Structure formats: C-alpha cells, structure tokens
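Here the structure is a predicted model, which is why all the values come from computation and not from measurement. Quick note: residue numbers are just sequence positions, from 1.
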Amino acid sequence: MRAEADRMAGRRGANLLFSEVSFRLCSGEGLTITGPNGVGKSTLLRIIAGLLPAEAGTFAVRDDAGTSVPVLDAVHYLGHRNAMKRELTVSENLAFWKSFQANETAEGLSVPDAISAVELDGIGHLPFGYLSAGQQRRIALARLLVTARPLWILDEPTAALDRRSDKLFGSLASGHLANGGMMIAATHLPLDIPGVGNLEIAPAAIGSETGAEGWI
Ligand SMILES: Nc1ncnc2c1ncn2[C@@H]1O[C@H](COP(=O)(O)OP(=O)(O)OP(=O)(O)O)[C@@H](O)[C@H]1O
C-alpha cells in the first residue's frame, strides 16, 4: 500500500494557502505536517481525506499492485473535534463507529479492547460528555482501533493529552505503522516515532489572492 500527494495546492475563500506540496508514503511510514498557525495544515488534511476539493494537484492511495483505492474507504480521519455524541456512552459511541466504518476486509478491535488499548477500562458505561478533555481525546483515538484502515489522517492527535497519554499515542501509532499502516498527522512539533518524517508547510507566495469571494 502507498499514498502519494503530487503538487497539491489548497485554497480557503479568496486565499491560496499553500501550493506544490508533494510527498510519498509506503506501508509502515508516517509523516508529520508542521507549519505556522493558519498556514493550512488542517486544510491539507481535509483535502487529503476527501472532505474539501484541492485547488490543484492530486492525492491517491494505491494497493501493492498499483491499483487506486477509494480514499474514503482507506482512511481514518480524526479532526480537531472528537466526533462523538456527548449524550451517548463511550461504548455506544465506539459501537456506532465500528458499525459505520465496517468493511469486509478490515476487522478491528472489539469496543472493550479498544477502550483498554487507550487505558480507560471501566468507563465504557459513562456518557462521553462526562469525560475530561484528555479522556475524550483518548476515546477518539480508540475509534481508530475499532476498525482497521491503512491510512490514519490525524489533526493535532495529542491535543489535550498529558505526557503519559502522549506516549500512549506514540505506541498506538508505532503499532499501526509496524502492522503496515501509514499515518499523516498535523502537529506543532515533529513526533518522535521511528519511520515518521516531517514536512514543513510554507505559506503560498504573497500576491496569490485572486480577489474571489466566498467561503468553502
Ligand atoms: N471555511 C473557511 N473559509 C475561509 N477561510 C477559512 C475557512 N476555514 C479556515 N479558513 C482559513 O484558512 C486558513 C488555514 O486554516 P487551517 O485551519 O487549515 O490552518 P492550520 O495550519 O491548521 O492552523 P492551526 O495551526 O492554527 O491549527 C486560516 O487563515 C483560516 O482562517
């Protein structure tokens, strides 16, 4: 499996944020995306995940035979928000994601095992909204484990995590890569994980505004 970005550019409203972003990942490799606030890291991840159109360039995931795989089936996208219902219990939220993301080829962990993997045994019965910010983020990470998908796209995955949970994320990500997975993560600091490179995004040249109006 491999993932390839070729000369991608991203726009928000009138502003071209970045351009000429290219990289290549193979099974077992990861990439952190760094750069100043507002440069477009989240925008790039949303384009890669298929949630926003690219201004230019392409992103593709291919299997070992070189056949293009639908990106939406190949990725887990974890944004700034945790995408959990506050009123549902932790277990109900994860059970929803397990069935929503299910496909024939990729079995993931059971809901209790995923909760254990983020070291939160015993809280599956609590409403998600009762959890602390760090616990909520860890349960959001558990969502990556209930179904197996090759490419993790993560926006600030360790936001709100304490040092111990930061390490926990490191071991989950390392395990994913060791199993042949890939990861692209927007972070403010490069992650200290073997097999993970870094790409610093630079703002597009000043003067790239088009004068076009509107929000996307
Ligand atoms: N819907 C939108 N319409 C227009 N501009 C937007 C929209 N959403 C975001 N922007 C702008 O796009 C720019 C890039 O935002 P983005 O969130 O991708 O940056 P980032 O590099 O992830 O920032 P941070 O490090 O602060 O998280 C920002 O200037 C932001 O204000």
Side-chain angles (χ1 to χ4, degrees), residues 1-8 10 17-18 20-51 54 57-64 69 71 73-83 106 108-109 114 117-119 134 137-203:
M1 185 77 62
R2 61 182 198 268
E4 202 168 313
D6 185 31
R7 289 179 296 166
M8 297 184 74
L17 299 174
F18 56 83
E20 299 292 325
V21 170
S22 299
F23 60 84
R24 194 169 199 198
L25 289 179
C26 294
S27 286
E29 294 178 342
L31 189 68
T32 51
I33 309 283
T34 56
N37 287 140
V39 76
K41 300 179 295 294
S42 299
T43 301
L44 174 63
L45 295 191
R46 290 178 69 80
I47 292 172
I48 288 173
L51 302 171
T58 56
F59 179 78
V61 178
R62 296 183 197 284
D63 64 18
D64 293 338
V69 174
V71 173
D73 294 338
V75 306
H76 272 313
Y77 170 75
L78 174 63
H80 278 172
R81 296 191 184 172
N82 292 316
L109 297 184
V118 295
E119 299 178 353
R137 199 60 173 166
R138 278 154 67 183
I139 293 300
L141 291 171
R143 167 161 75 82
L144 308 174
L145 308 175
V146 294
T147 48
R149 289 190 170 186
L151 176 57
W152 289 2
I153 298 178
L154 313 176
D155 203 345
E156 297 292 345
T158 59
L161 295 189
D162 61 19
R163 192 181 292 245
R164 181 188 160 101
S165 306
D166 223 22
K167 280 197 170 156
L168 174 71
F169 168 72
S171 67
L172 294 176
S174 302
H176 175 62
L177 300 183
N179 284 333
M182 298 176 285
M183 178 181 74
I184 303 169
T187 60
H188 282 288
L189 292 173
L191 295 170
D192 186 19
I193 298 175
V196 178
N198 184 60
L199 176 69
E200 170 99 15
I201 303 279

side-chain contact (heavy atoms from CB on, under 4.5 Å), that's the test. Do Leu161 and Leu141 meet it? Break it down for me.
CA-CA 11 Å; Leu161 295 189; Leu141 291 171; 4.1 Å; yes
If I compare all heavy atoms of [X] with all of [Y], which pair ends up nearest, and what's the gap?
| X | Y | value |
| --- | --- | --- |
| Pro194 | Leu177 | O-CD1, 4.0 Å |
| Thr187 | Thr34 | O-CG2, 3.4 Å |
| Leu145 | Ala117 | CD1-CB, 3.7 Å |
| Val146 | Ala114 | CG1-CB, 3.6 Å |
| Leu151 | Ala3 | CD2-CB, 4.5 Å |
| Gly40 | Leu17 | CA-CD1, 4.0 Å |

Distance-only, no hydrogens or angles: does the [X] side chain make a donor-acceptor pair with backbone N or O of [Y] under 3.5 Å?
| X | Y | answer |
| --- | --- | --- |
| Asp64 | Met1 | yes |
| His80 | Ala159 | no |
| Arg7 | Gly57 | no |
| Asp162 | Arg164 | yes |
| Lys41 | Gly35 | yes |
| Arg138 | Val118 | yes |
| Thr32 | Gly197 | yes |

Could you check whether any side-chain heavy atom of [X] comes within less than 4.5 Å of a side-chain heavy atom of [Y], counting everything from C-beta outward?
| X | Y | value |
| --- | --- | --- |
| Asp192 | Lys167 | no |
| Leu154 | Leu144 | yes |
| Arg2 | Pro150 | no |
| His76 | Thr147 | yes |
| Asn82 | Ile139 | no |
| Met182 | Glu29 | no |

Over 60° means perpendicular and under 30° means parallel, so classify the ring planes of Trp152 and His176, tilted if in between.
parallel
Passes side-chain contact (heavy atoms from CB on, under 4.5 Å), Glu156 versus His188? Steps please.
CA-CA 8 Å; Glu156 297 292 345; His188 282 288; 2.8 Å; yes
What is the distance from atom [atom1] of [X] to atom [atom2] of [Y], rounded to the nearest 0.5 Å?
| X | Y | atom1 | atom2 | answer |
| --- | --- | --- | --- | --- |
| Met183 | Leu191 | CE | CG | 5.5 Å |
| Ile33 | Glu200 | CD1 | CD | 10.0 Å |
| Thr158 | Asp166 | OG1 | CG | 4.5 Å |
| Asp155 | Ile184 | CG | CD1 | 12.0 Å |
| Ile47 | Met8 | CD1 | CE | 5.5 Å |
| Phe23 | Leu44 | CZ | CG | 6.0 Å |

